[in-house]
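The structure appears right after this line, and notes come after that.
Chain letters run A, B, ... following the sequence lines, proteins first, then strands; residues in each count from 1.
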Protein chains: 2
Amino acid sequence: MPDILLDPDEQPTAPTRSLSVTDRIRAAILAGEFEPGARLHEVRLTEWLGVSRTPVRSALQALAAEGLLEYTPNRGFSVRRFLTSEIVDAYEIRAMLESLAARLAAERGLNADERAIIEQALADGDALLAKDELSEDDRIAYGAVNFAFHDTIHTASRCRMLGEMVRLCQRVPQSSHRNVVSFELMDVRRRHDDHHRIYDAILMSEGHRAEMLMREHVASVKTSLVRALSGRPTPTRYRR
Amino acid sequence: MPDILLDPDEQPTAPTRSLSVTDRIRAAILAGEFEPGARLHEVRLTEWLGVSRTPVRSALQALAAEGLLEYTPNRGFSVRRFLTSEIVDAYEIRAMLESLAARLAAERGLNADERAIIEQALADGDALLAKDELSEDDRIAYGAVNFAFHDTIHTASRCRMLGEMVRLCQRVPQSSHRNVVSFELMDVRRRHDDHHRIYDAILMSEGHRAEMLMREHVASVKTSLVRALSGRPTPTRYRR
DNA sequence: TGTCCTAAAAATGTATACATCTTATGTTGA
DNA sequence: TCAACATAAGATGTATACATTTTTAGGACA
């Protein structure tokens, strides 16, 4: 019984009940408030959320289409089980999709706005990572920087479908890996350096190089994730 | 007003009205029965389909999640417009996704069933393409062969998300390109030969080679499509 | 004790009435 | 004539009653 759903003061985040209910159930799933495989009974959700079955059903359908729930006719919705291997594989897919986005961005070029956003993200990252240690706030701030960089490249690929699919890859429950992947400072610095090189390649219209750099960039996150999940230590290199 | 929706004898294809209505509306959209950008009014669909608004709304939501419709709160659903560039780009994405699937299949290996299906598909294709000319039935038969080959590789990648995303790439309206892409016999033969090589690479666990072959294999469809759309003729090479 | 059958309970599927929002229409005012 | 507003019509959003299916519970029988 997720506490997140019981707050009566919560303001609607979306124009319709269906959409705001979708957001709340999605948040609960991604936060791990439901057991994997658990059935989501419409009437219970109805009671928790204080709305009728109509918007609840609407939300469940939407979440099933997103891949967070599984649907069986006449048998309802249940939380989709994600194997660790599926979470890891999602990074393989992202590596392919984002490397394509980088190549297309290089081939098709950035506009002034996009260049400005990325350059700001690179500068902000440089400033953050100049510190000797990252606070929790710093990590959150770097997360925003990282998002801005990748999201802008998706936009610059001029390919709506790509961005949508990357988003699908990221919508995976068991957010444990999100925390796990908040890595060593060394790793973050290296990845930020990747960003610089990728941007260079895009600016120089070096499509193939941008693709390869981005592929390795995302794949390295997979590697870190696998290492973290298997409990092995981060290898030490020229640490200050 | 699509005729396809007016046949009262049509048998339900799915266990619930919602699902069968989803199938029928999807088919109508993919067949181009609705103008791109056209609003899909719930009550009209209700009349055409002979069901209440509940399953219609359910279907529209599902199709919006598939990317075939666009949804605006309080303003309903409309047929998503697909630019030609988006249809072409979908092949770029497919090339990345399917090449990943081929590599994973090579790395993870095929089971006996999968080997049998692919070998049957290759043999059937060999037999079909031995003819001097393909009838319409032959083309349909080869389409099934082609599907079996690709679908089995998706399965063998052991990565559910990959198959789902490829399916998203293929669900695109304006099926004109489907017809356009039913190419010259020469092209089909070459692509079938690709299938042989890709299978060889997978059997030999040559992941990188399988990936590269598949990437070019799918990309070549994009090239043919672009050529067909631009009205240029198919280049002639050593034609018998 | 275990299996099978039957009936009740509960869950999902569907239809429909009502609420809310959008859009169209037409009137008023300058 | 045109803009702005008011109203009505129509469309979507929501709640709820009813239908159908699934699940559960209990008992008969071997």
Which residue pairs pass the ring-ring contact (aromatic ring centres under 6.0 Å, His included) test when at least one of the two sits in residues 54-77 of chain B, sequence neighbours left out?
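Listed by first then second residue: B:Y71-B:F77.
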Check this one for me: any side-chain N or O of A:R75 less than 4.0 Å away from OP1 or OP2 of D:dT23?
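Yes, such a contact exists.
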By side chain to side chain donor-acceptor pair (under 3.5 Å) - contacts of A:R115 (at least two apart):
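Side chain to side chain donor-acceptor pair (under 3.5 Å) check on A:R115 returns nothing, list empty.
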[atom1] of [X] versus [atom2] of [N]: gap in Å, rounded?
| X | N | atom1 | atom2 | answer |
| --- | --- | --- | --- | --- |
| B:R39 | D:dT12 | CZ | P | 5 Å |
| B:N74 | D:dG10 | CG | P | 19 Å |
| A:E42 | D:dC18 | CD | C1' | 15 Å |
| B:H41 | D:dG10 | NE2 | P | 12 Å |

Which residues pass the salt bridge (Lys or Arg N to Asp or Glu O under 4.0 Å) test with [X], not counting sequence neighbours?
| X | value |
| --- | --- |
| B:R81 | none |
| B:E98 | B:R94 |
| B:R26 | B:D23, B:E66 |

Determine the contact category for B:L60: base if any of its heavy atoms lies under 4.0 Å from a base atom, sugar-phosphate if only primed atoms, P, OP1 or OP2 are that close, otherwise nothing.
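The answer is nothing, as B:L60 stays clear of every strand by at least 4.0 Å.
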Within the 4.0 Å heavy-atom criterion, would you say A:F77 contacts the bases, only the backbone, or no part of the nucleic acid?
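No contact.
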Which letters describe nucleotides 14-19 of chain C, given B = protein heavy atom under 4.0 Å from base, S = only from sugar-phosphate, - = neither?
BBBB--
Do A:D138 and A:S135 have side chains that approach each other closer than 4.5 Å (heavy atoms only, starting at C-beta)?
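Yes. Closest side-chain heavy atoms under 4.5 Å.
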